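Let me begin by presenting the structure, written as C-alpha cells, before commenting on it.
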Number of protein chains: 2
Amino acid sequence: MNLKELARKLDLSPTTVSRALNGYPEVNEATRERVAAAAKRYNYKPNTRAIRLATGRAMAVGHVIPVATRHEIVNPVFADFIAGAGEVYSRNGYDMLLSIVPDDNEERVYRELKSRGTVDGVILHAPNTEDPRIPLLVELGIPFVVHGRATGTAPPYSWVDVNNRRAFLRATEFLLDLGHRRIGLLNGLEKMDFAIRRRTGYEDALASRGIPADPEIMVSEEMTEAAGYRATRAMMALPNPPTALLASSIIIGFGIRRALEDMGLAMGRDVSVIVHDDDLSYMRNGEDVPVFTATRSSVREAGRRAADMLISIITGKVLAPQEQLLEAELIIGQSTGPCKG
Amino acid sequence: MNLKELARKLDLSPTTVSRALNGYPEVNEATRERVAAAAKRYNYKPNTRAIRLATGRAMAVGHVIPVATRHEIVNPVFADFIAGAGEVYSRNGYDMLLSIVPDDNEERVYRELKSRGTVDGVILHAPNTEDPRIPLLVELGIPFVVHGRATGTAPPYSWVDVNNRRAFLRATEFLLDLGHRRIGLLNGLEKMDFAIRRRTGYEDALASRGIPADPEIMVSEEMTEAAGYRATRAMMALPNPPTALLASSIIIGFGIRRALEDMGLAMGRDVSVIVHDDDLSYMRNGEDVPVFTATRSSVREAGRRAADMLISIITGKVLAPQEQLLEAELIIGQSTGPCKG
DNA sequence: AATCGCGTTCAAACCGCTTTGAATGACCCC
DNA sequence: GGGGTCATTCAAAGCGGTTTGAACGCGATT
C-alpha cells in the first residue's frame with residue numbers, strides 16, 4: 001500500500017493525504033481523521049526511501065568506528081554508548097548507521113557520507129589530540145558531535161565529555177588522603193585525548209601535595225586485562241613499588257587484581273586500587289557494594305546526551321556549538337584502604 | 001554534482017552516463033572511459049537516496065538489538081560481532097543499520113522495517129528456543145540470518161552458530177579426564193538457545209561416565225562478573241563443593257577468580273576452571289599463555305560469516321537456507337589441573 | 001536499393017513521496 | 001451583485017537516480 005493507492009481509496013489527492021498524515025494545518029479535521037483511520041486500517045507506512053529522496057534528509061545518523069588496523073581493538077565502551085544513543089534516535093525517528101572502517105580510511109568515508117547523502121550527521125568517537133577529523137567535518141559541513149574532546153583543535157565544535165581531569169584529580173587526592181604517596185597510573189594510550197586529561201588530573205593532585213610524578217610508575221597502554229596484569233607485575237617488582245594504583249578502566253582493574261593475587265597481595269588491604277568505571281551494563285562494578293573504588297560515569301548516558309545534542313543541531317534547533325561536561329562520581333568500594341607503608 | 005550535470009558536461013544523456021558507470025555492456029568503451037574520467041574529476045558520487053528509490057533496494061542490512069527492559073543488558077559479544085559483519089558490509093557496499101529496541105517491541109520494528117523498506121535483510125541476534133521472531137521474519141519475507149539457532153523452530157532458516165554442545169562436551173570430558181567428578185556449571189540464562197545446548201553437552205559428557213548431573217552445582221544466570229562471583233561463593237559453600245567449574249563466558253570467569261581468591265583458593269591448583277571465550281578483541285584471554293583454559297570461537301569471525309551469508313541470500317546467489325556450524329577450539333591455559341580430591 | 005542487424009545513444013517513464021502554486025467554493029461585506 | 005477572504009483541495013513539478021522502448025547511423029546481406 002502506497003500513498004497513491006491510499007489516496008484513491010479515500011477519493012482524495014495524494015497531496016491531501018500526505019498533508020493529513022504529516023499534520024499540516026490546512027486539512028479539514030474531519031478529513032484528517034478519515035485519512036488517519038484508513039492509514040491504520042490498510043496499515044500504510046510511507047516508504048522511507050521515497051521520503052528521503054523527496055525531503056533531501058537522510059533521517060539517519062552515522063557512527064564511524066575506526067578499527068585500528070594494527071591493534072584490532074573494538075572499544076568496549078562503544079556498545080553501551082550506542083545503546084544510549086540508539087534510544088534517542090528511535091524516539092526521534094532517526095536510523096543509526098554504523099560504519100566499521102580501517103582507521104587509515106576514515107577521511108574517505110566521511111567525504112562519501114557527505115557526497116552520497118547517506119546521513120544527516122555523525123558522532124565522532126575516540127578523538128585524539130589535534131584530531132584531524134574535526135576540521136575535516138567542519139569543512140565538509142556535516143553536523144557532528146564529538147564523544148570526548150580534542151585538545152588543540154582550533155575550530156569550535158560540539159561535544160559531550162566526562163570531566164576526566166577532575167575525576168582523576170579527585171581519585172588521586174582520595175588516595176593521598178589515605179596516606180598513599182606512591183601511586184601508580186595505568187592509563188590508556190595517550191594519543192587519546194581523555195588519557196592525557198586523566199594523567200593531568202593525576203599529576204596536578206600529586207603536584208599540589210608536592211609529590212613529583214614518577215614515570216616509572218606511569219604507563220600508557222591498551223586498556224586490556226592482560227596489559228593491566230603486565231603493568232602491575234612490572235610496577236610491583238620495582239625496588240620502591242606503589243602502594244596504590246589508579247587505572248583508566250575496570251578491565252585493567254581485573255588485570256591488576258589477578259596480578260596482585262598471583263603475588264599473594266590483597267587488593268584494598270595491601271594495595272589500594274581505583275579504576276574508572278564506565279558503568280557498562282554487562283560489566284557492573286559489583287552488585288550491592290562496589291568491588292572497585294571508582295570514578296564512575298555512565299557512558300550510556302553520554303550516548304543519550306550526544307544523540308540528543310546532534311539531533312538538535314541537525315534540526316536547526318540550536319546554532320552555536322554545544323558543550324556538555326559530565327562529572328564522574330567517586331564511589332567507594334572494597335579496593336581502597338589506608339596506606340600501611 | 002549530480003548525474004544530470006555530469007551528463008551535460010559530457011554532452012551525453014543521463015542514461016548513457018548511468019550505464020557507463022554501472023558497467024552495462026552497451027556503452028562504447030571510449031565513452032565509458034571518458035565518463036569515468038569525468039566522474040573522477042568532478043568527484044561525482046551518485047546520491048544514495050535516489051539509487052535506493054529507483055532500484056527499490058535499500059542496500060542496507062539491519063541489526064535489531066533487543067534491550068531487555070528489565071535486565072538492561074547489552075550483550076558484550078555484540079560489539080565484536082558487528083565489527084566482523086561490518087567489514088563484510090562495507091566491502092559489498094551495504095550500510096549497517098542498528099535498531100536498539102525494547103524487547104517487547106521487536107515485532108513492530110520488524111514489520112516497519114519491511115513495510116517502510118529500510119533494509120534488505122536482517123541479522124537476528126540472541127535467539128531463544130522456539131523464537132517467535134523466526135516464523136515472523138519468514139512470514140514477512142525478509143531475508144535473514146540467525147546468529148545462533150532456535151531449537152524447536154519449525155520453518156527452515158539460515159544460521160551461523162558455534163557447536164556449543166560439542167564445545168561443552170569436550171570441555172567437560174577434559175575435566176573428567178583430569179579426575180574431576182564434581183563439576184559446577186555456570187551457564188547463561190537458559191531461555192537463550194545456546195545456553196541449553198551447552199548444558200546438554202555438559203550433561204551428556206557426565207552421563208557417558210555415569211555421573212548424574214547435580215542441579216545444586218548448575219546455575220543459569222546473567223553472564224556478569226558479579227553473577228559468577230555469587231554463584232561460585234554459593235557452590236563452594238556447599239557441603240560437597242565442586243572441584244572444577246565450567247562457565248559460559250570469560251566475564252563469568254573473572255567473577256569466579258575473584259570468589260576463589262576471596263576464599264583463599266588458587267585457580268588451576270585448588271579449583272579448575274574452563275570458560276567459553278568469544279575471543280573478544282578487548283578481552284583477550286591472556287597474552288602468550290592463556291589465563292583460562294577455554295573453548296574458544298571468534299565471534300567476530302561469526303559476524304563475518306553471517307554477513308556473507310546474508311548478502312548472498314539478498315542478492316539471490318543462493319536460494320535454499322544456509323547453515324554454518326563453527327567448531328570451538330579447546331585451548332589449554334593456566335586455570336586447569338588434576339583433581340586432588 | 002531495400003532490408004537487416006548491430007552497436008550505441010537517447011527521450012521519457014518511473015520509483016513514492018513532498019511541496020509549490022493554482023483552483024474551488026463557501027461565506028461575508030459593502 | 002461584485003469583490004475579497006478564507007478554508008480546503010488538487011494538479012503538477014520536483015527529488016536524482018534507473019530502466020524501458022525507441023531511434024539513429026552504418027556496414028553487411030540479399
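In what follows, chains carry the letters A, B, and so on, assigned in the order in which the sequence lines appear, proteins first and then strands, with residues in each chain numbered from 1. As the structure is a prediction and not an experimental result, all values here were calculated from the model.
In this structure, the OH atom of Tyr24(B) is 17 Å from the P atom of dT8(C), given to the nearest Å. If you take CG of Asp11(B) and P of dT9(C), they are 12 Å apart, rounded to a whole angstrom. Atoms CD (Glu26(A)) and C1' (dT18(C)) sit 12 Å apart, rounded to a whole Å. Rounded to whole angstrom, the span from the CZ atom of Arg52(B) across to the P atom of dT19(D) amounts to 16 Å. When rounded to the nearest whole Å, the span between CZ of Arg57(B) and P of dG17(D) equals 15 Å. Atom CZ of Arg49(B) and atom C1' of dT18(C) are 13 Å apart (whole Å). Following rounding to the nearest Å, Leu21(A) (CG) and dG16(C) (P) show an atom-to-atom distance of 17 Å. In this structure, Leu10(A) atom CG and dT9(D) atom C1' are separated by 14 Å, rounded to whole Å.
Here Ser18(B) reaches the OP1 or OP2 of dT18(D): one of its side-chain N or O atoms lies under 4.0 Å away. A close approach under 4.0 Å does not occur between any side-chain nitrogen or oxygen of Thr55(B) and OP1 or OP2 of dT18(D). Phosphate proximity of dT9(C) to Thr16(B): absent, as no side-chain N or O sits under 4.0 Å from OP1 or OP2.
The side chain of Leu53(B) lies closest to dG16(D), out of dT19(D), dG16(D), dC10(C). The side chain of Tyr44(A) sits closest to dC17(C) out of dC17(C), dT9(D), dT19(D). Here the nucleotide nearest the side chain of Leu3(A), chosen from dG16(D), dC17(C), dT19(C), is dC17(C). For Ile51(A), whose side chain is taken as the heavy atoms from C-beta onward, the closest listed nucleotide among dT18(C), dG17(D), dT9(C) is dT18(C). Proximity note for Asn28(B) (side chain, C-beta onward) versus dT8(C), dG21(D), dT18(C): the nearest is dT8(C). Set against dT9(C), dT18(D), dT9(D), the side chain of Asn22(B) has dT18(D) as its closest nucleotide.
Ring centers of His63(B) and Phe78(B): at least 6.0 Å apart, outside the cut-off.
Between Arg149(A) and Glu323(A) there is no salt bridge, since none of the side-chain N atoms of the basic residue sits less than 4.0 Å from a carboxylate O of the acidic one. Ion pairing between a basic and an acidic side chain is recognised when a charged N comes within 4.0 Å of a carboxylate O; Arg52(B) and Asp95(B) show such pairing. Between Arg111(B) and Glu107(B), at least one side-chain N (NZ, or NE/NH1/NH2) sits under 4.0 Å from a carboxylate O, which counts as a salt bridge.
Side-chain to base pairing of Thr15(B) with dT19(D): one donor and one acceptor N or O lie within less than 3.5 Å of each other. Between the side chain of Thr31(B) and the base of dT9(C), no donor-acceptor pair under 3.5 Å is found.
Taking CD1 of Ile314(B) as the reference point, atom CD1 of Ile142(B) lies at 10.5 Å (rounded to 0.5 Å).
When the nearest nucleotides of DNA chain C are assigned to Ala50(B) and Arg19(B) by heavy-atom distance, the more 5′-ward of the two goes with Arg19(B). Closest-nucleotide positions on DNA chain C for Met1(A) and Glu29(B) were compared, and the one nearer the 5' end corresponds to Glu29(B).
For the pair Arg133(B)/Pro66(B), a side-chain contact is recorded, criterion being any heavy-atom separation below 4.5 Å from C-beta on.
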